[in-house]
Amino acid sequence: MTIGEASAPPSDNMPAGPVRVDLVFEPGGKRVRVPQGVTLFDAASWNGIAIDSTCGGHGTCRKCRVRVLDAPGPPSALDARAFTPAELADGWRLACRAQATTDARVDVPPLVTRPKAATVGVGRQVILRPAVQKRYLELAEPTLRDQITDAERVLAALDDLELRIDLDVLRTLGRVLRAADYKVTAVVVDDVLIGVEPGDTSARRYGIAFDLGTTTVVATLLDLATGTPVAVESVLNAQQPFGADVISRISATMLDPAALDRLRALAAETLAGLAAEVCAHGEVEPHEVYEVALAGNATMTHLVLGIDPEPLGMAPFIMATRLFPEVLAADLGIGVHPRARAVVFPAFGAYVGGDITAGLLASGMDRDARIRLFVDIGTNCEIVLGNREWLLATAAPAGPAFEGAAIRCGMRAADGAIEVVTMTPDALELKVIGDTEPAGLCGSGLVDAVTGLVRLGLLDPSGRFVPEPDAVALAPGLAGRLTRLGEERVFVLHWLGPPGDVAQSIYLTQRDVRELQFAKAAIATGWRILLEEAGLAVTDIQQVLLAGSFGSYLSPANAIRLGLVPEIGVLRVVSAGNVAGEGAKMALLSLRERAAGLALLEEVRYVELSDRPDFNDRFVAQLSFPG
């Protein structure tokens, strides 16, 4: 049953115009009116309704599942491959393929906005010297004999500092001084007086460190007086409907001039929401936050600042700038102190951004005599090799497999995701986030599953599933899981639905294995080229740091077994966690560390992989799994 009628065609004496239809998105009952023929994905995206997607609505990820409750219409060919016949009959469709042709109600599954993420990481002790200072002042009241200005009176009490005063401070300075009987607290950030507060508030000064990831954003509220974290929260980046990777989001701005403003607004929405949450949880008033620090890759940084990212997406991959101008937190849409400063980490290149600058700062790569390999595994994998004498950096296009995208039963690391897979020849055990019924497979589970299959011989070194008779001999307890879905060979990780029903179960396909091989080969090619550039061998590496949220949950032993990282002692492969967030914290806590982050720009040499004539051959050579 439809909930209304499509707009009638124009009469002879009425101007022609586009036919529009009414859609009601459930739950919530939000009614929108859109031109007939647009996809449900676009209709939702235009109106701020988030539908899960990792490809940005291009039909490749099959994540944008919705249920059309009224007159769903015939399924597309892609729908037929994404859903069972029973699901299709029940109205399930891919939102990026279903068109709004009549008035309808559409049920949207809840979006996972709290993916499992690393909120802390490897860091260093720092000398506490933040840019934010607060001084309690008891000033003499003016008289006819003492007629110096209000500004001069305050600055004279701060004569050990050379300060500028914001205009907004001057607008209210006289009123604040007189109402507080000239007993006030001056708020200084670097060399700027950004506020004068009544009474003694010197004990309360806070900052927020943001790790602005493509998938997940983490915010940490810091007490700048003590250097201690007060609250930490993470959330899915609200830009997610535009795609899981930076290329998808850059492409969106190239295809639609209005997309940049929307992406900027979504970034601001994400940062503002997290800032409000950490302040509420830490029992801190937003106006007590006087500085924020932001570490993100080059594309995310360009988007949050509203800088056109198009040149990042095509050769020769040029950023607008490596060093970003001074901005206010308000410029980023963050509702803290109105004159709070925002520290934006500089980038090395289009694909080695400020998050890596922050990560190197936190890990102390430039201070250690050991030769270390820093690997931040994600859709774009950033790799740094070196020690305190020299540092080489590069970026490898790993693809979205580690985020659960492009994987048939893949999902983000959220409740229901299989995150650990343990196999023996006779049994298989799963660990699921949230201890619930498995709903899909996240990146760490994918690596575990493929590693187990390789180790047992069910996948040969080329990445192909072995014939069924061989599987019975190699792993008799698992052979029944190696089956077919139509003509495609799959390995079932968890049976769902009726016994033997593969389509409704959680499984690994031959194509999923290939996606992981492509990611592994890109990363391995990257660090091998850096080793050659440095004239070193694998045996010269003394430690590997696995950075980022994915690196935090990846098994070092499995990373070595698949060839993701060099074959060194497993105890020398360290999960470094959210080092980008740690670097952002350090920038808030120490001016010295902030300066060290800037100095890294001159200490790191970037190695471009895309223009190397031997890259493709070397990439192909790394596709096989180690024997």
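If you read the sequence from its start, that first residue is 1, and numbering goes on from there. All values below come from the heavy atoms of this structure, side chains included, with hydrogens, waters and symmetry mates left out.
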From [X] [atom1] over to [Y] [atom2], what is the distance, rounded to the nearest 0.5 angstrom?
| X | Y | atom1 | atom2 | value |
| --- | --- | --- | --- | --- |
| C409 | L446 | SG | CG | 11.0 Å |
| L94 | F41 | CG | CZ | 11.0 Å |
| R528 | Q622 | CZ | CD | 4.5 Å |
| M411 | L441 | CE | CG | 9.5 Å |
| L163 | Q133 | CG | CD | 8.5 Å |

- Query: What's the verdict on side-chain contact (heavy atoms from CB on, under 4.5 Å) for L222 and L589, showing C-alpha distance, side-chain angles and the deciding distance?
  - Reply: CA-CA 8 Å; L222 293 171; L589 297 177; 4.2 Å; yes
Main-chain N/O of [Y] paired to [X] side chain as donor or acceptor, under 3.5 Å:
| X | Y | value |
| --- | --- | --- |
| Y351 | L312 | yes |
| E285 | H287 | no |
| D166 | V192 | no |
| W527 | L564 | yes |
| D223 | A225 | yes |
| N237 | G213 | yes |
| Q542 | I371 | yes |
| S590 | M586 | no |

Do [X] and [Y] have side-chain atoms, one donor and one acceptor, less than 3.5 Å apart?
| X | Y | result |
| --- | --- | --- |
| R372 | Q543 | yes |
| H337 | E288 | no |
| D368 | N387 | no |

Nearest atoms (heavy-atom pairs only) where [X] meets [Y]:
| X | Y | value |
| --- | --- | --- |
| R367 | A596 | NH2-CB, 4.0 Å |
| P346 | L598 | CG-CD2, 3.9 Å |
| C64 | C96 | SG-N, 3.4 Å |
| G335 | P286 | O-CB, 3.3 Å |
| P309 | I250 | O-CG2, 3.8 Å |
| L236 | T215 | CD1-O, 3.3 Å |

Could you tell me whether the side chain of [Y] reaches within less than 4.5 Å of the side chain of [X], counting heavy atoms only?
| X | Y | result |
| --- | --- | --- |
| L360 | D366 | no |
| V420 | S444 | no |
| I208 | T220 | no |
| F615 | I529 | yes |
| P229 | L221 | no |
| F518 | F619 | yes |
| D415 | V432 | no |
| I523 | T525 | no |

- Message: The test is side-chain contact (heavy atoms from CB on, under 4.5 Å); show your working for V187 and L193 and say whether it passes.
- Response: CA-CA 6 Å; V187 185; L193 181 67; 5.6 Å; no
- Message: Does anything in residues 292-309 form a side-chain hydrogen bond (donor to acceptor under 3.5 Å, both in side chains)? List the pairs, not counting sequence neighbours.
- Response: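 Sorted result for residues 292-309: T214-N297.
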- Task: Assess whether side-chain contact (heavy atoms from CB on, under 4.5 Å) is satisfied between M365 and V384, documenting all intermediate values.
- Result: CA-CA 9 Å; M365 287 279 289; V384 183; 4.0 Å; yes
What residues, two or more places apart in sequence or in another chain, satisfy side chain to side chain donor-acceptor pair (under 3.5 Å) together with [X]?
| X | answer |
| --- | --- |
| D331 | none |
| Y290 | K134, E197 |
| R339 | none |
| R129 | none |

Presence of salt bridge, [Y] and [X], under 4.0 angstrom:
| X | Y | answer |
| --- | --- | --- |
| R249 | D245 | no |
| R322 | E602 | yes |
| E533 | R612 | yes |

- Task: Determine which pairs satisfy salt bridge (charged side-chain N to carboxylate O under 4.0 Å, His left out) with at least one residue from residues 342-365, sequence neighbours left out, and list them in order.
- Result: none
- Message: Suppose the criterion is salt bridge (charged side-chain N to carboxylate O under 4.0 Å, His left out): which pairs have a residue in residues 382-395, not counting sequence neighbours?
- Response: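 Every pair satisfying salt bridge (charged side-chain N to carboxylate O under 4.0 Å, His left out) with a residue in residues 382-395: there are none.
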- Per the side chain to side chain donor-acceptor pair (under 3.5 Å) rule, which among E515, R514, K520 passes with Q517? R514
Salt bridge (charged side-chain N to carboxylate O under 4.0 Å, His left out) partners for [X], two or more places apart:
| X | value |
| --- | --- |
| R592 | none |
| E532 | R618 |
| E326 | R341 |
| D191 | R164 |

- Task: Starting from the C-alpha separation in whole Å, work towards a yes-or-no answer on side-chain contact (heavy atoms from CB on, under 4.5 Å) for V544 and I568.
- Result: CA-CA 9 Å; V544 175; I568 64 174; 3.6 Å; yes
- side chain to side chain contact (heavy atoms under 4.5 Å, CB included), paired with D211, selected from L294, V217, N578: N578
- Query: How about I127: does its CD1 atom have over 12 heavy atoms from other parts shown lying under 6.0 Å from it?
  - Reply: no
Using distance only, find each side-chain donor-acceptor pair of residues 268-275 under 3.5 Å and give its atom names and separation, not counting sequence neighbours.
residue: T270; atom: OG1; partner: A238; partner atom: N; Å: 3.1
residue: T270; atom: OG1; partner: L266; partner atom: O; Å: 2.8

- Message: The test is salt bridge (Lys or Arg N to Asp or Glu O under 4.0 Å); show your working for R594 and E291 and say whether it passes.
- Response: CA-CA 13 Å; R594 191 178 303 182; E291 193 170 49; 2.9 Å; yes
